[in-house]
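What follows is a set of notes on a single structure, which appears directly below.
Order of the sequence lines sets the chain letters (A, B, ...), proteins ahead of strands, with each chain counted from 1.
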2 protein chains.
Amino acid sequence: MASQLNSIIPAPTVERLVLYRRLLEGLAQGGTEYVHSHELAEKANNSAAQVRRDLMSIGYTGSPAKGYAVADLVKRIGRLFDKKGDQKAALVGVGKLGRAILGYFALRQPHPRIVAAFDSDKDKSQGDIAGCPCYPIEELINVIVREKISIGIITVPAQHAQQVADLMLLAGVRGLLNFAPTPLKVPAWAVVDHVDITTKLEKVAFFTELKAGKQPC
Amino acid sequence: MASQLNSIIPAPTVERLVLYRRLLEGLAQGGTEYVHSHELAEKANNSAAQVRRDLMSIGYTGSPAKGYAVADLVKRIGRLFDKKGDQKAALVGVGKLGRAILGYFALRQPHPRIVAAFDSDKDKSQGDIAGCPCYPIEELINVIVREKISIGIITVPAQHAQQVADLMLLAGVRGLLNFAPTPLKVPAWAVVDHVDITTKLEKVAFFTELKAGKQPC
DNA sequence: TAGTGTGAAATAGTTCACAGCC
DNA sequence: GGCTGTGAACTATTTCACACTA
């Protein structure tokens, strides 16, 4: 799906590291100084071996006696993600889903901050939503260039998704998170990830049915 | 992540089949009668070989001359997903995200219909949202049992997610779609899928940064 | 002696390659 | 001649197993 990346860290590991960070931050606040792989695995529910391998893949090493130093590890993972100069994100499509995402992230202040939102509807593209300034779609290129935005979040209807993606890539965005229920075609130098809620729901329904019935078809 | 499933159809294939169905429905409306694997692959952007393998995995076979019969194939895939008796879904957590999802699905009328929403906040759990009746969380078990709901959608804050999941499973739900940024522990007979928007965003940001670092644009 | 780091095996999933068919 | 079906090769990822160490 996502294009080939010549990284040392495999994609699923990256996802888990984000989770570990969250869990470790919780532990750190609770005053825990050290964790063992199996404790972290328990919380993340996967295997201890996998936790060890994941941490190893970022070059972090624990001690058999104490385990992994929580605070230090948080810093280490943080250094991986919150790289030089914070990345900025823009969201296109201030519909229901777009608004929800803006509101959701406004609270959490995630790493790539959403600093601009766009919509083709003039009524929606005015003022702030959850503290994020909204612009008409015509200003997309200007704003993206001016703010040096590198990540795009697409929450427009399926039929406009590709068009919006092309526009953002043209403006200099290099990573896209696509919520539209359609696949995007992007050049090899861009990164895309796809969150398709409808498909996920159907998938869960399918496997639920399957497990319940046991007999396929 | 998702628990072991003794199905003949691998999980990624299921996801792609859902997509194929959408694409094929579009084609059918456009009056197309037959497609070749590479045409479908083009739209879904993956390889023709994969499309063929996916379709083969549900026992559907095309002809070298014409390709795959669109209408027939839609029906075939539909039969897989829209099984005997439509499944019903319930959503817990009528916050921003929950509302957005309700609104989103209200339009599309997806296969597992969302027939109930719940919230612990009395103000939110009244009346309808996007045509879906809202109940206080106390009624969850009653309603789920009464309506024979088998799928649960969790859009509550992370700290309540596990609790809500347990409650729903207790009530008879067997599949969960979790939007809370925390992993859920569920028994082996249940199906879970996890949509973690924050993590996805951080992942995209990470790989974007990584790729950018590799070759100076 | 429980817990780590890591090579090796196992498993899951994708792409290749080619025979067969229309 | 281009397209399908399918075994085989290949890639990616997870799990296993075990030497090592504090």
Exercise for the section: Check the distance between C/dG5's C1' and A/Gln50's CD and give it to me in whole angstrom. Expected result: 15 Å
Problem - More than 12 heavy atoms from other groups under 6.0 Å of CD on B/Glu33 - result: no
Handout entry: Spacing of A/Glu15 atom CD relative to D/dA12 atom C1', expressed in whole Å
Key = 15 Å
Problem - Side chain of B/Ala65 - closest among D/dA22, C/dT14, C/dC22 - result: C/dC22
Problem - B/Ser63 side chain near C/dC22 phosphate (N/O to OP1/OP2, under 4.0 Å) - result: no
Fill in the blank from the handout: On DNA chain D, more 5' by nearest nucleotide between B/Tyr60 and A/Arg53 is B/Tyr60
Exercise for the section: Would you tell me whether B/Arg22 and A/Thr199 have side-chain atoms, one donor and one acceptor, within less than 3.5 Å of each other? Expected result: yes
Practice task
Would you mind classifying the nucleic acid contact of B/Thr13 as base, sugar-phosphate or nothing, using non-hydrogen atoms under 4.0 angstrom?
Solution key: nothing
Completion exercise
Between A/Arg52 and A/Arg16, whichever has its closest DNA chain D nucleotide further toward 5' is A/Arg16
Exercise for the section: Could you work out which one of C/dT4, D/dA8, D/dT14 sits closest to the side chain of A/Ser37? Expected result: C/dT4
Handout entry: Of the listed nucleotides D/dG7, C/dT4, D/dT4, the one nearest the side chain of B/Tyr68
Key = D/dT4
Practice task
Would you kindly give the CD-to-P distance between A/Glu39 and C/dG3, to the nearest whole Å?
Solution key: 8 Å
Problem - Nearest-Å distance for atom pair CG/P, residues A/Asp54 and C/dT4 - result: 13 Å
Handout entry: Within 6.0 Å of NZ in B/Lys66, more than 12 heavy atoms from elsewhere
Key = no
Handout entry: Atom-pair distance (NE2 on A/His38; C1' on C/dA2), nearest Å
Key = 9 Å
Handout entry: Between P of D/dA12 and CD1 of A/Ile9, the distance in whole Å
Key = 16 Å
Practice task
With B/Phe118 as reference, evaluate B/Val156, B/Val164, B/Ile137 under the side-chain contact (heavy atoms from CB on, under 4.5 Å) test and give the passing residue.
Solution key: B/Ile137
Practice task
Measure from the side chain of B/Pro10, starting at C-beta and using heavy atoms only, and say which of C/dT15, C/dG13, D/dT14 lies closest.
Solution key: C/dG13
Handout entry: Side chain of A/His36 (C-beta onward), nearest among C/dG3, C/dA17, D/dT14
Key = C/dG3
Practice task
Let me know the distance between CG of A/Leu55 and P of C/dG3, rounded to the nearest Å.
Solution key: 16 Å
Handout entry: Selection from C/dG13, C/dT6, D/dG2 that lies nearest to any side-chain heavy atom of B/Pro64
Key = D/dG2
Handout entry: Rounded distance in Å - CG (B/Leu40) to P (D/dC3)
Key = 14 Å
Practice task
Would you mind reporting whether A/Glu15 and B/Phe206 have side-chain heavy atoms less than 4.5 Å apart?
Solution key: no
